[in-house]
Trainee: 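This is the structure, below, for whatever I ask next.
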Amino acid sequence: MSDVPARDREVVAGAIFRGGRLLLAQRTSPPALAGRWELPGGKVEEFETPQAALARELREELAVEVRCGARIGVDVQLSAGLVLRAYRAELVSGEPVALDHAQLAWVDAEELLSMDLVDNDRAWIPELLEELRAL
Ligand code: C5P
């Protein structure tokens, strides 16, 4: 047994802004979350950095290349040992397509407030709105 506490496993989500809008993706699963909207992303694999994981997830889910930027918003504890964090993601190449989601939407500040976001991602609304309103 080690005395060093294990670090939380991380789930990363990407906030892609363009032209005063934010990219949201509509989930298809699990059934309880299908139809609700999120920042796209997924679990960081063992020995992978959060930045590399975000790039990999967005490549797999949206067919784009992104550069991972700064953290945005609070940590969201998903369960014991699993934490969700949002990062800015800058589009480097490609046009996002929904490979893994039902559909995508580019929303402005007012539209963001009317979207049925998954509960976890609602924690980031203040920072996302602030960013959208500054664009
Ligand atoms: O997308 P995936 O199922 O790999 O995500 C792992 C976990 O993180 C799930 O519990 C999912 O609901 C959660 N998640 C979230 N918000 C996101 C991305 C993932 O709550 N933007």
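Remember, it's 1-based here, ligands and their atoms both numbered in the order they're listed.
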Trainee: Please tabulate, one line per pair, the protein nitrogen or oxygen atoms found under 3.5 angstrom from a nitrogen or oxygen of ligand 1, with distances to 0.1 Å, or say none if there are no such pairs.
Mentor:
| unit_1 | atom_1 | unit_2 | atom_2 | d |
| --- | --- | --- | --- | --- |
| ligand 1 | 1 (O) | Arg27 | NH1 | 3.4 |
| ligand 1 | 3 (O) | Arg27 | NH2 | 3.4 |
| ligand 1 | 16 (N) | Asp121 | OD1 | 2.7 |
| ligand 1 | 20 (O) | Asn120 | ND2 | 2.7 |
| ligand 1 | 21 (N) | Leu39 | O | 2.7 |
| ligand 1 | 21 (N) | Asp121 | OD1 | 3.3 |
| ligand 1 | 21 (N) | Asp121 | OD2 | 2.8 |

Trainee: Checking one residue: Leu113. Which other hydrophobic residues are in its cluster under the side-chain 4.5 Å linking rule?
Mentor: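 Under the 4.5 Å side-chain rule, Leu113 groups with Val11, Phe17, Leu22, Leu24, Trp37, Leu39, Ile72, Val74, Val76, Leu78, Leu82, Leu84, Val107, Leu112, Met115, Leu117, Trp124, Ile125, Leu128, Leu129, Leu132, Leu135.
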Trainee: How would you list all residue pairs meeting side-chain hydrogen bond (donor to acceptor under 3.5 Å, both in side chains) that involve residues 39-52, not counting sequence neighbours?
Mentor: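 Pairs touching residues 39-52 that pass the test: Glu48-Arg56.
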Trainee: Could you list who else is in Leu33's hydrophobic cluster, with ILVMFWY side chains joined at under 4.5 Å, directly or through other members?
Mentor: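 Once heavy-atom contacts under 4.5 Å are chained together, Leu33 belongs with Val118.
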Trainee: Do other residues, nucleotides or ligands put more than 12 heavy atoms under 6.0 Å from the CD atom of Glu111?
Mentor: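 Yes, CD of Glu111 has more than 12 neighbouring heavy atoms, counting only those of other groups under 6.0 Å.
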Trainee: Rounded to the nearest 0.5 Å, what's the gap from SG on Cys68 to CZ on Arg88? Could you check?
Mentor: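 The CZ atom of Arg88 is 11.0 Å from SG of Cys68, to the nearest 0.5 Å.
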Trainee: Would you please say whether a donor-acceptor pair under 3.5 Å links the side chains of Glu38 and Asn120?
Mentor: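 Not at all, the side chains of Glu38 and Asn120 share no donor-acceptor pair under 3.5 Å.
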